[in-house]
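Notes follow once the structure below has been shown.
Sequence lines set the chain letters: A, B, ... in the order given, protein chains first and strands last, and positions in each chain run from 1.
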Protein chains: 2
Amino acid sequence: MSSEADLVWKALADPTRRAILDLLAKAPLTTGDLCEHFGLARHGGIGRTGVMKHVDVLHRAGLVLFRREGRQRWNYVNAVPIQRVCDRWVSGHVRDLARSANHLKDLAEGKRRPLGSG
Amino acid sequence: MSSEADLVWKALADPTRRAILDLLAKAPLTTGDLCEHFGLARHGGIGRTGVMKHVDVLHRAGLVLFRREGRQRWNYVNAVPIQRVCDRWVSGHVRDLARSANHLKDLAEGKRRPLGSG
DNA sequence: AGGACATGTCACCGTATGGTGACATGCCGA
DNA sequence: TCGGCATGTCACCATACGGTGACATGTCCT
């Protein structure tokens, strides 16, 4: 298994990876740049290997693309999969906020059968 | 560590948990109902204990609330944290889609310094 | 009371995951 | 050519996580 959406969700689950995306959203960076950002004890200090594994996860999820330039690797963020996941799943639930709120109201009122349930 | 947003992301990372939220979005269910849904080999067949652990993760993330009714437990979805996370993070990146696309165009064109980088 | 049922808890297991250090590759410049 | 730097890869470790079976609690019904 593990569809593309799955890879995106898994990739987004880690705060370090989300921070990487935040950085890359401001500007493309080389792997070394990213390592500096996280190695300076900013986020607890992760080594190069760790950062690269995170970037690799993001890359396999399609969230990060890169381009080789000599011995450097420029990493780019690709927000399209995020938007796709948001469209296909998140907004579905957010759209149900009203209904959800209704359920929660039933919850607060302690109804026996919270739905019409017919 | 592990802020509320973190818990939400972690909770959303698992496809089974997202499926649980999908079910609960349609209608509140008891734990037993959920177990039946996943135990009938529908999603590979997860036992009661496994389902309850998932529901517990969702509950600790604030995505599922519940109400006791006798020996039953009615589980309710709460989409508010999803919306919050979406607002604070996802939409930020989706908003940058244009800029992101610009970067990617630079990538495709093989520019040396993809940004103005000044 | 007593049994059946729904739920909750516990110890445990295999694997995935985050993280590391050591080493290999490859490109640039002297 | 040769050294140095940025990157990539490998083996390895500790822990978190998904999942299970066995057992405990509590509630409903007879």
Return yes if some donor-acceptor pair links the side-chain N/O of [X] with the main-chain N/O of [Y] below 3.5 Å, else return no.
{"X": "Asn75(A)", "Y": "Leu29(A)", "answer": "yes"}
{"X": "Arg18(A)", "Y": "Ala13(A)", "answer": "yes"}
{"X": "Thr30(A)", "Y": "Arg73(A)", "answer": "no"}

Please report, rounded to the nearest Å, how far the [atom2] atom of [N] is from the [atom1] atom of [X].
{"X": "Leu7(B)", "N": "dC17(D)", "atom1": "CG", "atom2": "C1'", "value": "14 Å"}
{"X": "Asp56(A)", "N": "dA16(C)", "atom1": "CG", "atom2": "P", "value": "16 Å"}
{"X": "Arg60(B)", "N": "dG18(D)", "atom1": "CZ", "atom2": "C1'", "value": "13 Å"}
{"X": "Phe38(A)", "N": "dT20(C)", "atom1": "CZ", "atom2": "C1'", "value": "17 Å"}
{"X": "Lys10(A)", "N": "dA16(D)", "atom1": "NZ", "atom2": "P", "value": "17 Å"}

Between side-chain atoms of residues 54-62 of chain B and protein atoms elsewhere (two or more places apart, or another chain), which donor-acceptor pairs fall under 3.5 Å?
{"from": "His54(B)", "atom 1": "ND1", "to": "Arg17(B)", "atom 2": "NH1", "distance (Å)": "3.1"}
{"from": "Asp56(B)", "atom 1": "OD2", "to": "Arg60(B)", "atom 2": "NH1", "distance (Å)": "2.6"}

Pairing residues for Trp89(B) by the ring-ring contact (aromatic ring centres under 6.0 Å, His included) criterion, not counting sequence neighbours: Trp9(B), His93(B)
OP1 or OP2 of dG19(C) under 4.0 Å from side-chain N/O of His54(A): yes
What is the per-nucleotide protein-contact pattern of nucleotides 5-14 of chain D, from the 5' end, where B denotes a base atom under 4.0 Å from a protein heavy atom, S denotes such proximity for sugar-phosphate atoms only, and - denotes neither? BSBBBB----
Same apolar cluster: Val8(A) and Val85(B), side chain cutoff 4.5 Å: yes
DNA chain C nearest-nucleotide lookup for Gly70(A) and Gly47(A): closer to the 5′ end is Gly47(A)
